[in-house]
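What follows is a short report on a single structure.
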Amino acid sequence: MKYYRAAFNGDFSEITPTKIAPKITKEDYRELLNNFDNIDIWKEKFPPNSYIFKGFGLINLFDVTSEEMLSSIKANLLASDDSLIFKLQNNLRDFYAIKDLKLGYSIFDNLNDKLCETIVNKSNSIILNNKEEINCSSNYFCEEVMQKVFVNHETFIISDIEEYGKATDKNPFYHNLYDGGIQSIILIPIKATKSGDLALLEIASPNAYDLNSVNINKLKDIIPVFEAAVKRTSEERQNVLEATIQENYTSIHESVKWRFYEAAEKYHTEFQTNDNAKLDEIVFKDVYPLFGQSDIKGSSDARNTAIKEDLITQLSLAISVLKDACKKEKLPIYNELMYRVSTFLKDVKQDLNAGDEVNILDFLQREIYPVFNHIKELDKNLAKKVDIYMNRLDEDLNVVYEKRKDYEKSVNLINEKLAKYIDKKQKDAQKMYPHYFERYKTDGVEFNMYIGESITKKNSFDNIYLYNLRLWQLQTMCEMENIAYTLVDTMPHNLRVASLILVHSNPMAIKFRMDEKQFDVDGAYNIRYEIIKKRIDKANIKNTEERVTQPGKIAIIYSQDKDALEYIKYINFLQSRKQLGKIEFLELEDLQGVYGLKALRVEVIYQKDFDEKKTITLNDLIRQIES
C-alpha cells in the first residue's frame with residue numbers, strides 16, 4: 001500500500017462568472033465560512049452553470065507513505081486497543097513494503113533475567129514463540145546479543161538467520177527463530193521502567209536480508225514514538241499494580257483517600273520551596289465508632305483437639321511399625337523405643353501441654369526415623385508398613401496433619417464466606433453515607449466502622465446516618481449468622497460462630513499511625529474503647545461462669561441506657577421480620593480497667609434455605625429509620 005499527497009497547480013486556468021452568477025457579499029462570505037458542510041447554502045451562492053472554467057491544471061503526486069505510516073502508528077499507539085499489534089504490523093508492512101513482515105514485543109526483566117510477556121492480549125512475541133518465559137542466563141542468546149541489546153541498549157540486526165546460526169553453533173535463539181519461520185530480524189531495546197526493565201520491539205521477516213542495516217535507518221522517526229508508548233504502557237501497568245496493592249494490602253479505605261491526596265499535594269507543593277516540609281498528620285475528629293465481631297466459638301479448644309488427634313494417630317502408627325519389627329527381628333531396642341513412644345502417647349491422651357508437639361516430633365525425627373530406614377531393608381512387608389506411615393505424613397510439614405487440615409479448612413471456609421459477604425454489603429452501605437470501614441480475619445471476622453462529618457468533604461452529616469448504619473450493622477450480623485449456620489453441614493469440623501456488637505455513643509478521633517500504616521484511636525480517653533474491644537468477647541455474665549457471647553445469639557454491649565433503648569427498636573423491627581427472637585437483659589462482670597458494662601443478647605432465628613439475595617434492602621432500612 002502506497003500513500004500519495006496531491007499538489008494542484010491552477011495557474012493556467014480562468015474562472016469567469018456568467019450573467020446568472022449571484023453576487024457574493026461580505027455577509028454571504030461569512031455565512032459560507034460558518035456552514036462548510038451545508039451543501040444547500042453553497043448551491044444557493046454558487047448555482048450550477050453560473051461560472052465558466054477555462055484552461056488546464058497540473059497535479060503532482062508525492063510519495064508520503066513514510067509520513068502517513070508515522071502518523072498512523074502514532075494514532076494507533078494513542079488508541080492502544082486490543083488489536084494494537086495487528087494494526088502496527090500492517091503499518092510497518094506498508095512502511096517497508098514487506099507483505100509478510102511480523103511484529104512483536106517482549107519485556108526483559110533485569111531483576112530475574114527472564115523474558116516475559118506483560119499484557120497477553122497486546123503482545124505477540126517473536127522471541128518467545130509461544131513460550132511463557134525463557135531464562136537468559138542459560139546461554140539462550142549469544143554474548144553479542146546480550147551485550148548490545150541488554151547491556152548497551154543498542155539495536156541489533158540479524159539479516160540472515162542461517163549465517164547467525166553458523167556463527168553461534170545454532171544456539172537456542174537460532175532454533176526458536178528458525179522454528180518460527182524467521183530469516184531476518186531487528187531487535188530494538190527500549191527502556192521501559194525506572195526499575196531497569198527493557199521492552200524489546202521485534203520486527204521480523206521470513207526472507208533473508210529483507211531487514212538490514214540500511215533500512216533500519218528508516219525507523220529513526222518511528223522509534224521515539226514506540227519509546228513514548230512503551231513508557232506510557234509501563235506507567236499504566238505500574239499504576240494498575242499500585243492501585244491493586246492499595247486496594248488489597250493497605251489500610252487506606254476509599255472513603256478517606258481524598259484526605260491522603262490532599263496531604264500529599266500540600267507536601268509536594270511546600271517541598272518545592274522548603275526542604276524541611278513535613279507530611280500532615282491524618283486525623284478525623286468527632287467520628288462515631290461501630291465494632292462488630294463474628295468469632296468462631298471454642299476455636300482454641302478445637303485446634304488443640306485437632307493437634308492432639310493428629311499426634312495420637314502418628315504415635316499409634318509408629319508403635320504399629322515397631323511391633324511388626326519386633327516379630328521379624330527380636331532386638332531389645334525395638335521394645336525400648338516402643339515403650340518411649342507409648343509413654344508419649346499416654347501423655348498426649350491425658351493432656352497436651354505447650355511444647356509437647358515439638359518434643360515428640362524431635363524424638364521421632366532423631367531416634368525413630370533412622371530405625372525405620374533400617375526396618376525397610378528387612379523385608380517387603382515391613383517396607384510397606386513404613387511406607388504406610390510415611391504416606392500419612394504431610395509432605396511439607398513431615399507430620400500427620402489430617403485433623404488440623406480439616407480444622408483449617410473449616411475456619412477458612414467460614415472466614416472466606418463471612419469476609420466476602422460483609423465486603424459486598426459494605427459497598428452498598430457506602431451509598432447511604434460515606435464512612436471508614438476496615439475488616440480483619442482471625443478465627444472469624446471482625447470489623448470497625450467510623451462515621452462522621454470529618455470523613456466526608458461535605459457538610460451533610462446528621463445522626464440519622466449513624467442510626468441507619470447501626471441498624472444496617474445489626475441486620476448484616478443476622479445475615480452473617482445465617483451464612484455461618486448454613487455452612488455447618490458442609491464443614492469437616494462442626495464450628496459455630498458467636499456474634500457481638502459494641503455500642504459507643506460518644507464521638508472520638510482516629511489517627512493514621514505512620515509507623516504501623518493503619519488507623520487507630522487518638523487520645524488517652526479513647527483508648528478505653530480499644531481496651532473494651534480486645535477484652536469484651538471474654539467477658540462473663542455477672543455472677544456466672546457463662547460467656548456473654550454464645551452461638552445462635554447476638555450480644556450487643558453498651559454502657560448507657562439510651563443505647564439499649566435505641567437498639568431495642570432495631571431488634572423489634574427485625575423481630576417483625578422473623579429474624580430475631582427473644583431478648584435477654586444482662587449485666588457483665590467487671591473487666592480489668594472496664595466497669596459497668598451491660599448487654600442485650602438476642603436470639604437469632606435461622607432462616608430455612610437462607611438466600612443472600614433475598615435479604616432486607618437498603619430502602620427497607622432507610623424507611624425503618626425514617627419512621
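This one's a predicted model, so the numbers in the text were calculated from it and none came from an experiment. In what follows, residues are counted from 1 in the order of the sequence shown.
- A heavy-atom distance below 4.5 Å is found between the side chains of M449 and Q473.
- Looking only at side-chain heavy atoms (C-beta outward), I368 and L337 come within less than 4.5 Å of each other.
- Taking the side chain as every heavy atom from C-beta outward, L364 and I360 approach each other to under 4.5 Å.
- Aromatic rings from F291 and Y529 are positioned such that their centres are separated by 6.0 Å or more.
- A donor-acceptor distance shorter than 3.5 angstrom exists from the side chain of N415 to the backbone of T442, with no hydrogens or angles considered.
- A distance-only check finds no donor-acceptor pair linking the side chain of S320 to the backbone of S316 [under 3.5 Å].
- Here the closest heavy-atom approach between residue M491 and residue L495 is recorded as CE-O, 3.3 Å.
- Remark: side-chain polar atoms of K403 are not paired, donor with acceptor, to backbone N or O of K308 under 3.5 angstrom.
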Report the C-alpha separation of L311 and V400 in whole Å, then their side-chain angles, then the decisive distance to 0.1 Å, and conclude whether the side chain to side chain contact (heavy atoms under 4.5 Å, CB included) test is met.
-> CA-CA 7 Å; L311 285 175; V400 173; over 6 Å; no
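- Two residues are said to be in side-chain contact when any heavy atoms from C-beta on lie closer than 4.5 Å; M477 and S294 meet this criterion.
- Within 6.0 Å of CD on E281 lie no more than 12 heavy atoms contributed by other residues, nucleotides or ligands.
- At a threshold of 4.5 Å between non-hydrogen side-chain atoms, the residues N398 and Q365 count as touching.
- In this structure, the side chain of D443 does not engage the main chain of I296 through any donor-acceptor pair within 3.5 Å.
- Between S299 and V411 there is no side-chain heavy-atom pair separated by less than 4.5 Å.
- Of the N and O atoms on the side chains of N381 and K328, not one donor lies less than 3.5 Å from an acceptor on the other residue.
- Under a 4.0 Å N-O distance rule, the pair E584/K553 qualifies as a salt bridge.
- One finds no salt bridge joining K166 and E162 here, because no Lys/Arg side-chain nitrogen approaches an Asp/Glu carboxylate oxygen to under 4.0 Å.
- Atom CD of Q550 is separated from atom CD of E603 by 13.0 Å, given to the nearest 0.5 angstrom.
- Y178 and Y164 are not linked by any side-chain donor-acceptor pair at a separation below 3.5 angstrom, with hydrogens and angles left out of the test.
- Each of Y436, Y450, F260 was compared with F512 under the ring pair (Phe, Tyr, Trp, His ring centres under 6.0 Å) criterion, and only F260 meets it.
- A donor-acceptor contact shorter than 3.5 Å is absent between the side chain of R392 and the backbone of Q314.
- Contact between G596 and D590 at its shortest, heavy atoms only, is N-OD1, 3.6 Å.
- Shortest non-hydrogen contact noted between A539 and L591 is CB-CD2, 4.0 Å.
- Remark: N171 CG to L177 CG distance equals 8.5 Å, nearest 0.5 Å.
- To the nearest 0.5 Å, the span separating CZ on F437 from CG on L290 amounts to 11.0 Å.
- Between F150 and F141, the distance from one ring center to the other falls under 6.0 angstrom.
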Begin from the C-alpha positions of Q293 and K533 and carry the test side chain to side chain contact (heavy atoms under 4.5 Å, CB included) through to its verdict.
-> CA-CA 10 Å; Q293 175 181 288; K533 275 168 50 178; over 6 Å; no
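- Put simply, the side chain of H253 gets close to the backbone of S255: a donor and an acceptor are under 3.5 Å apart.
- H175 places a side-chain N or O within 3.5 Å of a backbone atom of K170 that can act as its donor or acceptor partner.
- Although no hydrogens or angles enter the test, the distance criterion places a donor-acceptor pair under 3.5 Å between the side chain of D310 and the main chain of R404.
- Rounded to the nearest 0.5 angstrom, D387 CG and K380 NZ are separated by 13.0 Å.
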Derivation and outcome, side chain to side chain contact (heavy atoms under 4.5 Å, CB included), residues K542 and L586 | CA-CA 8 Å; K542 201 165 190 176; L586 308 170; over 6 Å; no
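- A donor-acceptor pair is defined here as one N or O able to donate and one able to accept, closer than 3.5 Å; no such pair exists between the side chain of E589 and the backbone of N543.
- D362 places no side-chain N or O within donor-acceptor distance of the main-chain N or O of V358, the cut-off being under 3.5 Å.
- Using a cutoff of 4.0 Å between basic side-chain nitrogens and carboxylate oxygens, E408 and K405 are not scored as salt-bridged.
- Annotation for L588 and A599: closest pair CD2-CB, 4.1 Å, computed over non-hydrogen atoms.
- Taking the side chain as every heavy atom from C-beta outward, I185 and F156 never approach each other to under 4.5 Å.
- When all heavy atoms are compared, the tightest approach of E367 to V371 is O-CG2, 3.3 Å.
- The residue from V321, D324, I375 that alone fulfils the side chain to side chain contact (heavy atoms under 4.5 Å, CB included) condition with Y334 is I375.
- More than 12 heavy atoms of other residues, nucleotides or ligands sit less than 6.0 Å from atom OH of Y369.
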List the steps and the verdict of side chain to side chain contact (heavy atoms under 4.5 Å, CB included) for F173 and I158.
-> CA-CA 12 Å; F173 182 44; I158 303 176; 3.9 Å; yes
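- Between D537 and R547 there is no salt bridge, since none of the side-chain N atoms of the basic residue sits less than 4.0 Å from a carboxylate O of the acidic one.
- D423 places none of its side-chain heavy atoms less than 4.5 Å from the side chain of K420.
- Of the inter-residue distances, the one linking R439 atom CZ with E446 atom CD reads 11.0 Å to the nearest 0.5 angstrom.
- Considering every non-hydrogen atom in both T549 and K297, the closest pair reads O-NZ, 2.8 Å.
- The distance from atom CG of D356 to atom CG of D351, rounded to the nearest 0.5 Å, is 8.0 Å.
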